[in-house]
Amino acid sequence: MDCHEAVYSNDYYDLIGGITSLEPGLRGLCKQDIANRYAVYYLNRDRVPPLSVGTYKYINIPKCYTVLNQQALEVSGITRVQTQRNLELFGSGILIGFIDTGIHFENNAFRNTDGSSRIAAIWDQTIDTGPHPQGFIYGTEYTREEINFALQQENPRDYVPETDEIGHGTMLASIAAGSEDIENDFIGAAPYADIAVVKLKPAKQNLRDFYYIKDGAIAYQENDIFTAIDYLNRLADRLGQPMALCIGLGTNQGHRGSGGKMTSYLDDIAAMYRRSVCIAVGDEANARHHFYGSLSENTTERAEINVTQDMKGFIVELWGNSSELFAVSITSPTGEVLNRVAVYNGQQQKQHFLLENTNVVVDYQLGTERSREPLVHINFQNPVKGLWMIEVFPYRISSGSFNMYLPISDFLEEEVYFVRSNPDMTLTVPSSAKIPMAVGGYNSVTNGIYIESGRGYSMDGSIKPDYAAPAVNVLAVNQFGRMESMTGTCAAVALSAGASALLMEWNIAYMENRFINSVEIRNQIINGTQRVSNQLYPNREEGYGRMDIYQSILNMRNL
């Protein structure tokens, strides 16, 4: 079997598992190992059951992620640490890793003054001509030497055909690590840092269909992001460089409290020496896609979902606390009811609502090897316009609280929202990971909040976001080499990744702290955050405050 075909072909399902957990029934099939602990298995669709939560564990089905929506250096303290005579921090010797839409490598924002590239490597997962990175079975890796050779040619892309058609990755990289452009009064947070990039391949159509992702939406598979993280970590090891990892991707799928395999791996990376991980919290606080409920033994909770137009479908996830069980009933706009049933692991209900011509499938999964939180997975197929009601019943409860999530805004074909929504606990996955820094956004132009920025706390009660950075009208360089403003927590996380690189440089070069990791970087940033008067901290909007790394360094010197 050609494993390259399996990686790219829609005729194969991708499943994420432990390195041996799925092996007994899948011997001889292609797989991609990740970090010597996990693996992606590729299954021929003609030989296995169709993709469904009733057949496969939900934790093994890759979730789909999208890029998050689009004076910042000054208010973040970055300008002062760049220009202060006794500091002059620019990210020298630090590698910043990006997992996104690619990078426009010809752009002057990513070159040294002599014209050579600051990009250490690019792994383009969309190009399978090779060579693959060592230890990976797909995509093409371009080294610094190959990039520099291409830049000396009349048509660089004839030699390195990687590009960024969307521009999101290029803009994030320019905010975090763009070279100084005096003419346009622009400089990135860490303009001397080295850059490493993974361009993600688009999600397969079978996953897009499974999640009802609208046509044209940007969507990437969890397993490809997973392998990208592993690649960048290996690359930093090979180069012997500290690395700040920047993730401006998110999803509302898999919102369990304890996290999945990729979230667990991000915790591992963030705990390593000379690693820093920054993840955007997303822009879902104002989207009305979260419902919080609480009930007792003798009460129920009703969540109404407004479907504004007939559509192909959408999925609702209901997550409870560990050891608790909930049952649901569904009522259609015309009053037809799918009644609740006794709950057990693997239980599935199906109903065709006759007047609406809508199918609803309810699956109950009561925990996995890493996620003990019970999941009620509700699949609406061809839902019609109107109010759909989900009534939640206690089956076995202690606290009685639960959270329900609709898909992230960019994935929905039509507007769908909870009538009684809750803006809290709207962090996108994987920003709820315990150890990496979850970065929220604020409006540095007005000094006010950025209303779309995802709010905490995490489902397990951790203080997230950790802090906030500017997220409105942040200056960036687009894929065409022109200045453009970017708004969204993706801009905030790029600033944070660049600032983390500066703090890593300071810790290693000035403090001789070669064992710095994401935990210490987080604590240092929090120690210098600026706080708005008349607000309590930490809070759900901005965590411990607004990033100011100059103040962080001053405070460290005073310890």
Side-chain angles (χ1 to χ4, degrees), residues 52-54 56-61 63 251-261 263-264 267 289-305 315-331 337-350 360-380 388-407 418 420-434 455-464 540:
S52 73
V53 176
Y56 305 96
K57 290 182 178 178
Y58 189 53
I59 196 172
N60 297 128
I61 300 173
K63 311 307 175 284
T251 186
N252 273 348
Q253 298 158 1
H255 242 294
R256 53 195 166 271
S258 59
K261 291 179 172 63
T263 302
S264 177
D267 282 333
H289 291 161
H290 170 240
F291 179 91
Y292 174 81
S294 182
L295 42 76
S296 65
E297 292 285 355
N298 301 312
T299 62
T300 66
E301 186 81 80
R302 295 182 176 182
E304 289 181 309
I305 299 175
I315 289 170
V316 178
E317 295 181 11
L318 184 157
W319 293 95
N321 296 313
S322 179
S323 79
E324 295 192 316
L325 298 179
F326 300 92
V328 300
S329 71
I330 313 292
T331 303
V337 178
L338 167 61
N339 290 309
R340 64 169 169 158
V341 296
V343 177
Y344 60 84
N345 196 27
Q347 165 81 351
Q348 184 179 84
Q349 291 176 271
K350 295 182 179 180
V360 175
V361 182
V362 181
D363 287 283
Y364 295 89
Q365 292 194 355
L366 308 187
T368 66
E369 65 272 17
R370 285 206 57 85
S371 176
R372 301 303 173 192
E373 295 82 8
L375 165 68
V376 183
H377 185 274
I378 308 171
N379 186 342
F380 289 84
W388 291 81
M389 187 183 73
I390 302 174
E391 187 166 10
V392 183
F393 299 84
Y395 195 78
R396 184 181 71 226
I397 63 170
S398 52
S399 73
S401 62
F402 62 90
N403 293 276
M404 300 172 67
Y405 291 93
L406 288 162
F418 289 109
R420 291 189 298 117
S421 62
N422 187 315
D424 295 333
M425 300 177 72
T426 49
L427 309 165
T428 53
V429 180
S431 66
S432 55
K434 292 180 182 297
R455 300 182 186 180
Y457 301 123
S458 67
M459 285 179 61
D460 66 3
S462 299
I463 303 299
K464 298 287 178 176
R540 294 179 183 272

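Here the structure is a predicted model, which means the values were calculated and not measured.
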Asker: Should Ser399 and Glu324 count as side-chain neighbours, where that means a heavy-atom distance under 4.5 Å?
Answerer: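 Yes, close enough: below the 4.5 Å cut-off.
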Asker: Between atom CZ of Phe326 and atom CD1 of Ile390, what is the distance when rounded to the nearest 0.5 Å?
Answerer: 13.5 Å
Asker: Could you label the plane-to-plane angle of the Phe418 and Phe291 rings as parallel, tilted or perpendicular, counting under 30° as parallel and over 60° as perpendicular?
Answerer: tilted
Asker: Assess whether side-chain hydrogen bond (donor to acceptor under 3.5 Å, both in side chains) is satisfied between Glu391 and Thr331, documenting all intermediate values.
Answerer: CA-CA 8 Å; Glu391 187 166 10; Thr331 303; 5.8 Å; no
Asker: Looking only at non-hydrogen atoms, find the nearest pair between Thr299 and Pro394 and report the distance.
Answerer: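 That closest heavy-atom pairing would be O-CD, 3.2 Å.
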Asker: Just how far is it from atom OG of Ser432 to atom CG of Asp460, taken to the nearest 0.5 Å?
Answerer: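 Those atoms lie 7.5 Å apart.
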Asker: Report yes or no: does Glu301 contribute a side-chain atom to a donor-acceptor pair with the main-chain N or O of Ser294 at less than 3.5 Å?
Answerer: yes
Asker: Can you see whether Ser296 engages Asn298 through a side-chain donor-acceptor pair at a distance of less than 3.5 angstrom?
Answerer: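 Judged by distance alone, the side chains do not pair up.
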Asker: Looking at Lys434 and Thr263, would you say the former's side chain and the latter's main chain have a donor-acceptor pair under 3.5 Å?
Answerer: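 It does not hold such a pair.
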Asker: Counting only N and O atoms by type, is there a donor-acceptor contact under 3.5 Å from the side chain of Arg540 to the main-chain atoms of Ile463?
Answerer: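 Checking the backbone N and O of Ile463 against the side chain of Arg540, no donor-acceptor pair under 3.5 Å is found.
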Asker: Find out whether Ile330 and Val337 are in side-chain contact, i.e. whether some heavy atom of one side chain is under 4.5 Å from a heavy atom of the other.
Answerer: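 Ile330 does not reach Val337 side chain to side chain.
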Asker: With heavy-atom distances below 4.5 Å as the criterion, would you say the side chains of Leu427 and Met459 are in contact?
Answerer: no
Asker: Rounded at 0.5 Å granularity, tell me how far NE2 in His289 sits from OG1 in Thr428.
Answerer: 13.0 Å
Asker: If we only count heavy atoms from C-beta on, is the Tyr58 to His377 side-chain gap below 4.5 Å?
Answerer: yes
Asker: Within a strict 4.5 Å, meaning less than it, do heavy atoms of the Ser329 and Phe393 side chains meet?
Answerer: yes
Asker: Please check: side-chain N/O of Glu304 versus main-chain N/O of Trp388, any donor-acceptor pairing under 3.5 Å?
Answerer: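 Pair absent, no side-chain N/O of Glu304 close to backbone of Trp388.
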Asker: Please report the closest heavy-atom contact between Asn321 and Pro374, naming both atoms and the distance.
Answerer: O-CD, 3.1 Å
Asker: Using only atom types and a distance under 3.5 Å, with no angle test, would you say the side chain of Lys63 pairs donor to acceptor with the backbone of Ile61?
Answerer: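 Yes, because the side chain of Lys63 sits within donor-acceptor range (under 3.5 Å) of the backbone of Ile61.
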Asker: Would the distance check show the side chain of His290 and the main-chain N or O of Tyr405 forming a donor-acceptor pair, the cut-off being under 3.5 Å?
Answerer: no
Asker: Hey, is the main chain of Gln253 close enough, under 3.5 Å, to the side chain of Thr251 for a donor-acceptor pair?
Answerer: yes
Asker: From His255 NE2 over to Glu317 CD, what is the distance, rounded to the nearest 0.5 angstrom?
Answerer: 8.0 Å
Asker: For Trp319 together with Phe402, are the ring centres under 6.0 Å from each other?
Answerer: no
Asker: For Arg455 and Asp424, indicate whether the former's side chain and the latter's backbone hold a donor-acceptor pair under 3.5 Å.
Answerer: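 It does not hold such a pair.
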Asker: After noting the C-alpha distance and the side-chain angles of Ser462 and Tyr457, does the key distance pass the side chain to side chain contact (heavy atoms under 4.5 Å, CB included) rule?
Answerer: CA-CA 6 Å; Ser462 299; Tyr457 301 123; over 6 Å; no
Asker: Would you give the length of the straight line joining atom CG of Asn403 to atom CE of Met425, rounded to the nearest 0.5 angstrom?
Answerer: 4.0 Å
Asker: I need the minimum non-hydrogen distance between Val392 and Leu295, along with the two atoms involved.
Answerer: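 Smallest heavy-atom distance, with atoms named: O-CD2, 3.3 Å.
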Asker: Determine, stepwise, if the pair Leu375 / Leu318 fulfils side chain to side chain contact (heavy atoms under 4.5 Å, CB included).
Answerer: CA-CA 6 Å; Leu375 165 68; Leu318 184 157; 5.8 Å; no
Asker: Side chains of Leu366 and Val343: does their closest heavy-atom pair fall under 4.5 Å?
Answerer: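 A side-chain contact under 4.5 Å exists here.
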Asker: So Gln348 and Val361, do their side chains get closer than 4.5 Å, heavy atoms only?
Answerer: yes
Asker: Consider side-chain contact (heavy atoms from CB on, under 4.5 Å). Of Arg340, Gln347, Gln349, which one does Val362 pass it with?
Answerer: Gln349
Asker: Within this structure, what is the CG-CG distance for the pair Leu406 and Asn252, rounded to the nearest 0.5 Å?
Answerer: 8.0 Å
